[in-house]
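This report concerns only the one structure given below.
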Amino acid sequence: MEIYFTLNGEVVNTNVPPEKRLIDVLREDFSLLKTKGLCYKGQCGSCTVLMNDKPVPSCLIPAFSIKSSEIITAEEFIKTKVYKFLMKLFRSHALEPCDYCRWGKVYSIYSLLQEKKIFDKKELYDYFLGNQCNCTDMDAFLDLVIIALNKAREEKLDV
Amino acid sequence: MYDKMKSSMVYSPTSLNELLSLHSKLPKALIYAGGTHILLSQDNKNIKLPTSVISLQKVDELLRLKRTERYLEIGAAVTINRILEKASGVMPNVMKKALLEIANSSVRNLATIGGNICIAEKRMNSFPVLFLLDTKLELKKSNNTRWVDIKKFLKEDNTLDLRQGEILTRIRVPFETWNYQRYYVIGDRTLQSTDYFLFCSLGKIEKEQVIQFKFVLSQGDNNIYRSRTAEDFIVGRRLPLNKKEIATVKDMFLKDISVEHSIDEAKNEKISGLLQSVFSETYRG
C-alpha cells in the first residue's frame with residue numbers, strides 16, 4: 001500500500017503493508033529511532049508521536065491510518081521552544097522523566113498548553129492517570145505541570 | 001515477512017451513505033474506528049487484519065458533535081479526547097469522569113466513543129454511565145435506521161443487539177440534572193484487565209433527602225448489575241447511608257443480582273465490600 005503523509009514537516013511516501021504499525025514504519029522505513037517500542041500496548045508512552053498535532057501511541061496505529069496525516073516525532077519536537085522550555089523546567093526541579101515515559105508526559109503537557117485553560121490538580125491527576133511511572137513522584141510532577149502551565153502563560157510561550 | 005502475507009484491503013468511505021453501501025456489500029469486513037481495542041488485543045508485532053477493513057476515520061457524519069437544549073449528540077467515531085475538549089462543560093460529571101478514566105490521554109486521542117460502547121466481550125468505562133443516563137443509540141444499515149435505548153442494546157444474555165449489517169452511528173445523551181453523581185473504577189485499571197468493577201450512581205437530593213436514585217455496578221467482563229429494590233430502598237433516605245441501611249442495600253442488591261447472574265462467594269464478598277465503601281462514602285477513588 002502506497003501511503004503519502006507529512007513526516008516532520010516534509011511530505012513523504014512509503015510502500016508498506018497496511019498492517020504495519022506506525023512505530024515500525026518510523027523506525028524501519030525512516031530510521032527515526034527516538035520513537036521506541038516497549039510495551040506495544042499504548043501504556044508506556046515511549047512510542048508517542050504527534051499525529052495531526054495530537055499525541056498518540058504509534059504502536060496502536062496501523063499504517064493505513066496515517067494516510068494524509070501529519071506526523072511529528074521526537075527528532076523534530078526536540079527542536080521546538082516548548083520542548084526546551086519543558087526540559088529546562090524539569091531539570092531545574094530535578095523531575096526529568098525517564099526515557100520510558102518522557103514523550104507521553106511531554107506531549108500531554110504540550111496538549112494542555114494548547115488548551116490554554118486553567119487546570120486544578122485534581123483535573124491534572126485524572127489527565128495523567130495513564131502516564132504514571134515510578135521515575136517521578138506523581139504529586140511533585142503535577143505541581144510542576146501547574147508551574148509549567150502558569151509560566152508558559154506568563155511568558156506567552158508560543159505553542 | 002510482509003511479502004509472504006496477503007495484505008488487507010482497506011476502504012475509507014467519506015460519507016455515511018458510502019459506508020453503509022460498502023458494509024452491505026462486505027458484511028464480514030472489519031469496521032475500524034480508533035482501533036485501540038483491536039490492536040491492544042494483539043501481542044504480535046504485525047497487526048492481523050481480516051481481508052477487508054472499512055475505516056470510519058473519514059466519515060464526516062460520524063465525526064460530528066451536536067448540542068441541543070435537551071441532549072448531547074455524539075458521532076460514533078468521535079474520539080474520547082475530542083468529546084472531553086468540546087463538551088466537558090455540558091456533559092454530566094460522571095460521564096466526564098468515566099471518559100477521563102479511559103486509558104491515557106494519548107490513547108484517548110485514538111479511542112472513539114462508538115468503539116467504547118461496541119466492544120463485544122466486555123463493558124468498557126463509558127457503558128455503565130451511558131446506561132444510567134438513559135442514552136439512546138442510532139443504529140443504521142443500508143435500508144434501515146433504528147434508535148434504541150442503551151439498556152435494550154445490552155441483551156439479557158449480556159451480548160449487544162448489533163444486528164447484521166448495522167453500524168452504530170450516533171449516541172444521544174439526554175441532559176437531566178443530577179445533584180448526586182458518583183463514578184469509581186475499583187480494582188486493576190490497566191488497559192487489558194478484566195479484574196475491576198465500575199460503579200456509577202446518580203441521584204436527586206432535595207433538602208438532604210434522596211428523591212430519586214439509581215446505581216449500577218459493572219464488572220470488567222460483560223455484566224451490568226442493577227437492583228431496583230435497592231434503589232427504591234435508598235429513596236427517601238439521607239446520604240451517606242448509616243450502617244444498618246448499607247447492610248440492607250447490600251443484601252437487596254446481592255439477592256437481586258444473584259437471580260440473573262451466577263455470583264460465587266469471592267465475588268459476593270468483593271461486591272459487598274465495594275458497596276460498603278461507596279455508600280459509606282469512605283471510598284476514595
Side-chain angles (χ1 to χ4, degrees), chain A residues 1 3 15-24 28 37 39-69 101 103-105 107-112 114-115 117 122-133, chain B residues 1-12 30 32-50 52-58 79 81-82 84-86 88-89 96-111 183 185 189-192 285:
Chain A
M1 182 181 197
I3 296 166
N15 204 335
V16 290
E19 300 89 351
K20 194 166 183 176
R21 294 177 196 250
L22 172 58
I23 179 162
D24 297 328
E28 293 166 13
C39 73
Y40 276 78
K41 300 275 175 230
Q43 276 175 325
C44 69
S46 64
C47 72
T48 312
V49 297
L50 290 178
M51 184 170 166
N52 301 327
D53 221 21
K54 302 273 182 205
V56 290
S58 59
C59 67
L60 294 186
I61 300 175
F64 71 80
S65 277
I66 58 170
K67 208 172 161 184
S68 310
S69 62
C101 68
W103 292 105
K105 282 179 175 158
Y107 288 136
S108 294
I109 301 174
Y110 172 68
S111 281
L112 291 174
Q114 285 176 313
E115 285 193 42
K117 271 179 13 191
K122 177 76 188 72
E123 283 177 296
L124 291 176
Y125 179 81
D126 287 338
Y127 192 84
F128 284 96
L129 204 60
N131 285 114
Q132 295 195 42
C133 176
Chain B
M1 178 173 182
Y2 282 119
D3 297 335
K4 291 175 193 166
M5 288 166 43
K6 194 176 182 296
S7 281
S8 306
M9 188 68 201
V10 182
Y11 301 87
S12 297
L30 173 75
Y32 189 98
T36 49
H37 185 69
I38 297 165
L39 269 73
L40 276 169
S41 58
Q42 301 197 15
D43 284 332
N44 41 320
K45 185 170 183 272
N46 309 316
I47 308 156
K48 277 185 191 156
L49 295 172
S52 306
V53 176
I54 302 177
S55 166
L56 305 185
Q57 289 162 328
K58 304 259 189 277
T79 63
N81 264 359
R82 187 148 170 264
L84 285 165
E85 272 168 36
K86 301 285 177 197
S88 261
K96 187 178 165 186
K97 186 126 200 316
L99 297 183
L100 276 167
E101 286 274 3
I102 295 171
N104 55 45
S105 179
S106 315
V107 174
R108 288 196 296 270
N109 276 326
L110 295 176
Y183 176 85
V185 182
R189 298 170 179 213
T190 51
L191 284 175
Q192 286 177 304

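Below, chains carry the letters A, B, ... as their sequence lines are ordered, and counting in each starts from 1. Note that these values count all heavy atoms, side chains included, but never hydrogens, waters or copies made by symmetry. Just so we're clear, the structure is a prediction, and the values are computed from it rather than from any experiment.
By the 4.5 Å heavy-atom criterion applied to side chains, A:Y40 and B:Q42 are not counted as neighbours. Inter-residue side-chain proximity for A:Y107 and B:S106 is flagged as unmet; no heavy-atom pair is nearer than 4.5 Å.
Ranked by heavy-atom pairs under 4.5 Å with chain A, the first of B:V53, B:L110, B:T79 is B:L110.
For residues 48-63 of chain A, every residue pair satisfying the side-chain hydrogen bond (donor to acceptor under 3.5 Å, both in side chains) rule, not counting sequence neighbours, is listed here: A:D53-A:Y110, A:D53-A:Q114, A:K54-B:E85.
Residue A:I23: no heavy atom, backbone or side chain, is found under 4.5 Å from chain B. Contacts of B:K48 with chain A are absent, with no heavy-atom separation under 4.5 Å from either backbone or side chain. Proximity to chain B (any heavy atom under 4.5 Å) is shown, for A:K117, by neither the backbone nor the side chain. Heavy atoms of A:S65 lying under 4.5 Å from chain B belong to its backbone as well as its side chain.
Between B:Y32 and A:L60, the shortest heavy-atom contact is OH-O, 4.1 Å. Considering every non-hydrogen atom in both A:P18 and B:V10, the closest pair reads CB-CG2, 3.8 Å.
Listed by chain and residue number, A:Y127, A:F128, A:N131, B:S105 satisfy the side-chain contact (heavy atoms from CB on, under 4.5 Å) test with A:S108 (two or more places apart in sequence, or in another chain).
Within the model, atoms CE of A:M1 and OG of B:S7 stand 9.0 Å from one another, a figure rounded to the nearest 0.5 Å. The structure places CD of A:E115 at 8.0 Å from CG of B:N81, a figure rounded to the nearest 0.5 Å. For the atom pair CZ of A:R21 and CD1 of B:I47, the computed distance is 5.0 Å after rounding to the nearest 0.5 Å. Taken to the nearest 0.5 Å, the CD atom of A:E123 stands 8.0 Å off from the OG atom of B:S88. Considering CD of A:E19 and NZ of B:K45, their distance stands at 13.0 Å, rounded to 0.5 Å.
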